[in-house]
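Model, not experiment: these values are computed from the prediction. Residue numbers begin at 1 in each chain, while the letters A, B, ... track the order of the sequences.
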Amino acid sequence: MPELAEVEHFRRRWAVAVGERIRTVSVHRNARVFRACDVAALVEDLPGRRLLSSEAAGKQMLFGFSGGAWLGIHLGMTGSLEFVNPDATATATATDTATATAPAPAPADRHDHLVLETPSGRLVFRDPRLFGRIRFDRGRGAPAWWLAIPPPLTSDEFMLADLGTFLDRRAKSPLKAVLLMQERFPGVGNWMADEILWRAELHPARQAGSLDLPERRRLYRWLRWVCRESMRVVAPSFADPPASWLFRHRWSDGGLCPRTGHALVRETIGGRTTCWSPGRQPSPRKLVKKSTSRG
DNA sequence: TCCTATGTTGTATG
DNA sequence: ACATACAACATAGG
C-alpha cells in the first residue's frame with residue numbers, strides 16, 4: 001500500500017501516542033525487517049522513554065524519543081502502522097504484567113513484528129511480506145540516513161531545474177523507472193508514477209532524456225500536483241482518490257481511461273506493472289516517426 | 001498450480 | 001566510477 005500520502009497516514013496513526021511513555025517492547029527479533037537494526041539495543045533501550053516526535057519524508061518515517069533515541073520505519077510493500085486501544089478485558093491482564101522484569105513475549109500475531117506498549121494502547125508495526133525495514137539509532141540529532149532524504153517534492157526547494165538535471169543523468173531509462181527513484185522523488189511509488197505520467201500526457205516508456213522543455217514543465221507540474229493532492233485527499237483518512245483519477249481504474253485488466261473512455265493498457269515497464277492510456281500518452285515510436293523530414 | 005502484488009537492493013553487465 | 005537491467009527477498013490471494 002504505502003506511497004507518499006499513505007505513509008503520512010500511517011505516521012498519524014502512531015502520532016496519537018506522542019507524549020506517552022513506552023512501557024514494553026515486543027518483537028519478532030529474527031524477522032527480516034530488522035536486518036539493518038540492532039534489535040537487542042532497541043528492546044533494552046526504548047522502555048521508559050517517551051515518544052516525542054514523528055515525521056514522514058517520502059516513504060520513510062522517523063519517531064523521536066526522549067533521551068536521544070530514534071526509530072526509523074519503512075513500510076516496504078505491505079507494511080502498516082496501527083494504534084490499538086486495549087479493550088476492557090485486555091486492559092486488566094496487560095496492566096498486571098507491566099512491572100514484570102521478564103522479557104516481553106513476542107507479539108501474538110505472526111505478522112506483528114514490533115509492538116510498543118504505552119499506558120493507553122499499543123503501537124503496532126505489521127508487515128506480512130517483510131520488505132519493510134526498522135532502524136534504531138541513538139544520538140542528539142536525527143540520524144544521517146534521515147538527513148540525507150531530499151526535500152519534499154511539493155516544496156520550493158524542488159525546482160524544474162532539479163528535475164531536468166536528473167532526467168538528463170538518467171537519459172536512457174524509461175520515465176517510469178526514473179520516477180520511482182527515491183533519491184530524487186521521495187515518496188513516488190508505482191501508482192503515483194502512473195498517475196503523474198497519465199496527467200502529464202507522457203508515455204511511461206519514453207526515455208527520460210528525450211523530453212523537450214514543454215514536456216519537462218508538464219512533468220514537473222503534475223508531479224507536484226499528484227503529491228499535493230494525494231496528501232490532501234488520502235493522508236487524513238486513507239480515502240481512495242476520486243474516480244477522475246487513473247488510480248481508480250488502473251488495478252485490473254479491462255479498465256477504461258476516465259478522460260478518453262478507451263481501454264487502458266497494462267504492461268511491464270521499468271520492471272513494474274505500468275498502466276497508461278494509449279490515446280492520451282503517445283508512444284515513443286510515434287514521436288520518433290514525426291521527425292522524418294530532412295532538408 | 002501459476003500468477004500477481006502501492007518496494008528496495010545486490011549483482012552483473014555495458 | 002557511473003548507468004542500466006533484473007533477480008531476489010517472503011507471503012497472501014485470485
Side-chain angles (χ1 to χ4, degrees), chain A residues 1-11 28-37 56-61 72-81 107 109-113 125-135 145-146 148-150 153 165-198 204-210 223 226-227 229-231 233-235 237-241 245-255 264-276 284:
Chain A
M1 287 191 183
E3 298 180 23
L4 183 73
E6 290 127 346
V7 170
E8 168 61 13
H9 175 78
F10 286 125
R11 180 197 67 79
H28 293 140
R29 64 178 56 238
N30 293 322
R32 186 179 140 85
V33 294
F34 293 113
R35 61 197 176 281
C37 178
K59 297 175 188 171
Q60 308 273 359
M61 286 174 284
I73 299 184
H74 189 288
L75 296 172
M77 194 89 92
T78 54
S80 64
L81 298 187
D109 187 303
R110 71 179 282 234
H111 297 311
D112 293 349
H113 305 299
F125 166 75
R126 177 163 25 229
D127 184 7
R129 217 169 144 188
L130 295 168
F131 292 170
R133 189 173 52 241
I134 303 284
R135 303 161 124 129
W145 63 263
W146 174 260
I149 301 171
L153 300 174
T165 301
F166 196 75
L167 291 179
D168 289 334
R169 182 141 48 94
R170 307 294 181 166
K172 293 298 184 60
S173 289
L175 282 175
K176 174 59 182 280
V178 171
L179 282 177
L180 293 175
M181 295 179 179
Q182 301 299 295
E183 78 241 40
R184 180 68 273 175
F185 307 114
V188 174
N190 205 27
W191 76 252
M192 286 181 74
D194 285 359
E195 186 77 39
I196 291 160
L197 293 170
W198 175 73
R206 286 282 302 279
Q207 292 191 337
S210 75
L223 173 56
V226 169
C227 288
E229 279 298 293
S230 64
M231 284 293 245
V233 172
V234 177
S237 59
F238 215 97
D240 277 353
W245 288 44
L246 178 67
F247 178 96
R248 293 275 294 273
H249 310 270
R250 69 177 298 278
W251 301 106
S252 51
D253 292 331
L264 295 165
V265 174
R266 285 153 52 82
E267 209 171 278
T268 297
I269 297 177
R272 305 296 298 278
T273 296
T274 300
C275 177
W276 74 93

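Between the CZ atom of A:R250 and the C1' atom of B:dA5 there is a distance of 11 Å, rounded to whole Å. The separation between A:F34 atom CZ and B:dT8 atom P is 19 Å, rounded to whole Å. Following rounding to the nearest Å, A:R266 (CZ) and B:dT4 (P) show an atom-to-atom distance of 10 Å. Separating the CD1 atom of A:I73 from the P atom of B:dG7 is a distance of 18 Å, rounded to the nearest angstrom.
The distance from atom CH2 of A:W191 to atom CH2 of A:W198, rounded to the nearest 0.5 Å, is 12.0 Å. Considering CZ of A:F166 and CG of A:L179, their distance stands at 9.5 Å, rounded to 0.5 Å.
Between A:L153 and A:F185 the shortest heavy-atom distance is CD1-CA, 3.8 Å. Closest non-hydrogen pair, A:D168 versus A:G209, comes out as OD1-CA, 4.3 Å. Contact record, A:I269 with A:P174: CG2-CB, 4.0 Å, taken as the closest heavy-atom pair. Minimum heavy-atom separation, A:L130 to A:H113: CD2-NE2, 3.1 Å. Closest heavy-atom contact between A:Q207 and A:S210: O-OG, 2.7 Å. When all heavy atoms are compared, the tightest approach of A:A208 to A:L175 is CA-CD2, 3.8 Å.
Across all strands, A:G271 comes closer than 4.0 Å to no nucleic acid atom at all (heavy-atom distances).
Using bins of under 30°, 30° to 60° and over 60° for the plane-to-plane angle, the ring pair A:F238/A:H9 lands in the perpendicular bin.
Side-chain N/O atoms of A:Q182 include one lying less than 4.0 angstrom from OP1 or OP2 on B:dT8.
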Could you go step by step and tell me if A:E195 and A:K176 meet the salt bridge (Lys or Arg N to Asp or Glu O under 4.0 Å) rule? CA-CA 11 Å; A:E195 186 77 39; A:K176 174 59 182 280; over 6 Å; no
With side chain to side chain contact (heavy atoms under 4.5 Å, CB included) as the criterion, how do A:V234 and A:E229 come out once you've worked through the C-alpha distance, each side chain's angles and the decisive distance to 0.1 Å? CA-CA 8 Å; A:V234 177; A:E229 279 298 293; over 6 Å; no
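Between C:dA12 and B:dT9, the two P atoms lie 23 Å apart (nearest whole Å).
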Short heteroatom pairs, N/O only, protein and nucleotides 9-14 of chain B, under 3.5 Å:
| residue | atom | partner | partner atom | Å |
| --- | --- | --- | --- | --- |
| B:dT9 | OP1 | A:R133 | NH1 | 3.3 |

Check nucleotides 9-13 of chain C against the protein and report each pair of N or O atoms closer than 3.5 Å, with its distance, or say if there are none.
| residue | atom | partner | partner atom | Å |
| --- | --- | --- | --- | --- |
| C:dA10 | O4' | A:R129 | O | 3.4 |
| C:dA10 | N1 | A:R129 | NE | 2.5 |
| C:dA10 | N1 | A:R129 | NH2 | 2.6 |
| C:dA10 | N3 | A:R129 | NE | 3.1 |
| C:dA12 | OP1 | A:R110 | NH1 | 2.8 |
| C:dA12 | OP1 | A:H111 | NE2 | 2.9 |

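Qualifying ring-ring contact (aromatic ring centres under 6.0 Å, His included) partners for A:W251, counting only residues two or more places apart in sequence or in other chains: A:F247. Partners of A:R133 by side-chain contact (heavy atoms from CB on, under 4.5 Å), not counting sequence neighbours, listed by chain and number: A:R35, A:A36, A:Q60, A:H74, A:R135.
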Let's test your reading of the pairing rules: Watson-Crick or G-U wobble, both distances under 3.5 Å, then write DNA chain B as a dot-bracket string with ( ), [ ], | and dots. .||||.||||||||
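Sorted by residue number, the members of residues 169-178 of chain A with any non-hydrogen atom under 4.0 Å from DNA chain C read A:R169, A:R170, A:A171, A:K172, A:S173, A:P174.
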